[in-house]
Each structure stands twice: as C-alpha cells, then as structure tokens.
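Note that this is a predicted model, so its numbers are computed, not measured. Letters A, B, ... mirror the listed sequences (proteins, then strands); counts begin at 1.
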Protein chains: 2
Amino acid sequence: MRTRDEEKIDALKEEAITMIAKEGLNGFSIQKLAKAVGVSPATIYVYYQDKEDLIVSVGAEVTRDMLEHSLKNFTPEMSFGEGLKTQWKNRAQYFIDNPIKVEFVEQLRYSQLYNDVMKKVGGDFKVKMSQFVCGAIEKKEIIKLPFEVYWSVAFAPLYQLIRFHTQGKSYVNDKYELSTRQMTQTLELVLKALKP
Amino acid sequence: MRTRDEEKIDALKEEAITMIAKEGLNGFSIQKLAKAVGVSPATIYVYYQDKEDLIVSVGAEVTRDMLEHSLKNFTPEMSFGEGLKTQWKNRAQYFIDNPIKVEFVEQLRYSQLYNDVMKKVGGDFKVKMSQFVCGAIEKKEIIKLPFEVYWSVAFAPLYQLIRFHTQGKSYVNDKYELSTRQMTQTLELVLKALKP
DNA sequence: AATATAAATGAATGTTCATTTAGTTATCAA
DNA sequence: TTGATAACTAAATGAACATTCATTTATATT
C-alpha cells in the first residue's frame, strides 16, 4: 500500500491558512489551493470530505493550538489578576509568533462556519474559563458578571488592537504598528475595569 | 428618456445588505441578488460599475448612516463621560433598530474591502473623534493614550457583545440574548477603565 | 404624435468553481 | 516477485459565476 505524503498534507494546511488569512474565505478555492501546493485537486478529497470539511477541520486544529497556548502556565485556581494577565500575554505572544494563524481564525470567527469550528474544537477550554471566572466571583476578586460581559471587556480590546494592526491603518497616521507597550497599556486598563 | 426606478434601487441595496449579513460575502452573487429582487443581472450594471463597486458603495452608505447616528447629541466638547456614554448608547440603539445593517458592516470590517469602504465614507467623523479624545486628555479626564488603545477599550467590548448575540451561542447556555442590562454593565466597566 | 435617450432586459460569453471518475503509481505483506 | 491496496492524478462534468451585448421599453421633450 502506498503511504501518505505527510509533508504534502502539512503544506496543504499551511497554504490554506495563508490563503484564507490574506484573501478571506472569498478568495479561497480548492483549485487555487491545489495549484499552489502542486497537487491534483482530487488529492485534496482524499483527506477531506469537501471544501467545508477542509476549512472547518483546519480551523479547529489552529483554534485548538491557539487555545492550548493561551492556557500555558494557567490554572483556573490562579488569582484573577494573575490568571487574566497570563492569558493575555499568552494570546499576545501567540499573535506575535503566528500573525497569519491569528488572522485566519479571525476570518473564520466572522463567518457562518464558526459554530461548526467551535463544535469540532471540543476540549475543556470553556470549562476551565468558566471555573476561572466563577471562582474569581466567589473570591470577590471581580464583580458578578454574565460570562459574555466578562469576556467582552477582558479580551475584545486585544483583538481590536490586532485588527487595527492587521488592517495597517491608524486613524492618526497612515501606518499602525502594534507595540508591546500598547498591549501592556490595554491590559492594565482591562484589569482596572474588572477589579471591584 | 425613461426614468430610473428608485424603488428597485432601494430594493437592490436592501437585499444586498441582507444577503451579505446572513450569508457573508461568500454567499453573495450578482445573479442571486438580481433574482431575489426580480431584476435582470444586467440592470445592476446600470447602477454599479462592477460587483466590488456595489459592495463598497452600499457599504460606505450604511457606514455613513451608522456613524451619523453614533454622533447624535454628541459634540467633541462634551465631558468625556457624557460623550462616551452618548456614543455608546447611540451605537447600542442603532444595533437594536438595525441589527442586519450592523451585521452587514461587521462582515465588511473583516474583509479586504474595508479600507476602500472607509475611504469612500469620508466625513469629519475621525476628526471629531480625535478632537474628543485629545480634549479629554488635555482636560485630564482620561490618561494619555494612543488612539487605537482608547478605541479598543472603549468600543470593542460593545461589538463583541453584539457578535455573541449574532452568533446566538452562549458559553454557558445555548441561547444568548443581548440585554440592555448587559450593555449598561459593560459601559460602566469601560468608563471605569478609562477614568484616571 | 414623433423623436431622442437612458433605463432595462434576455440571452449569451468565457471563466472559475466544487466535485467525480476511471485509471495510474507507490508501497507493504506474502 | 507478485499481488493487494490505498494514495494519487489527469481530465472531465455540470453548475454558478461576473460581465457584455444587441434589443426593447418607458418617458420627457419637442
């Protein structure tokens, strides 16, 4: 039996991520992907059921990787300040190391496939985060909040900063560079917002 | 000379907004749009140069409408708290009244066409916002911040709440309803973050 | 009523799309 | 060395796509 060329599968995934990050789900097609990797379009159907399956599978894989990194050195039992700071820094660092992967996931986040992606991700991420937030509320480290309110205040600013950077336009200058300084500033403000 | 059927142009815009809001830029095509409105595809090219021109033009129009509403009862000279509260409430109200238009603009925000849209929007919105933020810094109402940091903390949480709502999934329950209560809570946290 | 003219169209163009099929190739177990 | 088998492919399919073109239609002006 002929063996799978794992390198080609990796190249396929990598190229799909890049194409979607740079041109959106719009600019992505199986034929373009096959051509870019040097593979027959039919080969892609050996690995994935159809186009949607490919996007959702790769999306879930990258999301899982991102979430894993965001939980590095994190436990739900941490103090709220330390826990949030840890997660923030992990996410910021992941963006610095993998800007294309982050942009890829952002493209998915605003697509109709995102629910499918999250369903496929699985894992105990949600559970851990809920434990963390509920624990912090019990320990009176933060005010009682619906999870969505907490999440919106805690993490949306980071991803907006990333978006500004990706779009490369500042309201003030023409170029916008995302600095560690700005991330730190923003984190400080977020912490201030959530402390009782 | 035959006269333009303004009603059909409006129907065309409305349908384009709805299609893109519900199915993304992916699920949007000139032929589907024409069919949905009951018009020949060729007619669309009387009004718009091409597909991209249609999306960018309608996008700019809706964005302009949204920004105008967000500036209702607002002047850059207002106190920071009042000014931010006013804008927040305007934006929240606009979402309650026009959820589809907001989702349409969100789809554009994460697309490659967004820079073109913003270029076409024009207006003095950016100037007014800059005045407002700089004024607040001078009056020592808020700490000195890069515009992007300010913006990320001030408004990203609102749009994240909206996104949770649009995606209709909560991390805790299955259904997520965005309540005025949650918006008010979030606004309070944002104000707390930005006060010196 | 006749004319000019821009709006509107039906049908077609050539392209790109996702996916399938029939056949080829590489590798393992015998 | 020989089959068995799964990986892989070239080529094709039909559908959907953006856009164009030759015509027709409606209206404002004359």
Select base, sugar-phosphate, or nothing to describe what A:T3 touches, counting heavy atoms under 4.0 Å on all strands. sugar-phosphate
Identify the pairs formed between an N or O of the protein and an N or O of nucleotides 12-17 of chain C at a distance under 3.5 Å, and give each distance.
| residue | atom | partner | partner atom | Å |
| --- | --- | --- | --- | --- |
| C:dC17 | OP1 | A:S29 | OG | 3.3 |

Check B:F125, B:Y94, B:F74 against B:H69 for a ring-ring contact (aromatic ring centres under 6.0 Å, His included) and give me the one that passes. B:Y94
Between B:R4 and B:A42, which residue's closest nucleotide on DNA chain C lies nearer the 5′ terminus? B:R4
Using a 3.5 Å distance criterion without hydrogens, assess whether the side chain of B:K51 forms a donor-acceptor pair with backbone atoms of B:F28. yes
Does a salt bridge link B:E61 with B:R64, judged by any charged N lying under 4.0 Å from a carboxylate O? no
B:Y110: hydrophobic cluster co-members (side-chain, 4.5 Å): A:Y110
How close do A:L54 and A:I30 get, heavy atom to heavy atom, and via which atoms? CD1-CD1, 4.4 Å
Can you tell me the distance, in whole Å, between the CZ atom of B:R2 and the C1' atom of C:dA6? 9 Å
Distance-only polar pair, side chains of B:R4 and B:Y47, donor-acceptor under 3.5 Å: no
Return whichever of B:Y47 or B:M1 has its heavy-atom-nearest nucleotide of DNA chain C closer to the 5' end. B:M1
Outermost DNA chain D nucleotides near chain B [under 4.0 Å, heavy atoms]: D:dC17 to D:dA28
Hey, any chance B:F132 and B:V127 share a hydrophobic cluster, counting ILVMFWY side chains that come within less than 4.5 Å of each other, even indirectly? no
Sole residue of A:T63, A:V62, A:T18 in side-chain contact (heavy atoms from CB on, under 4.5 Å) with A:K101: A:V62
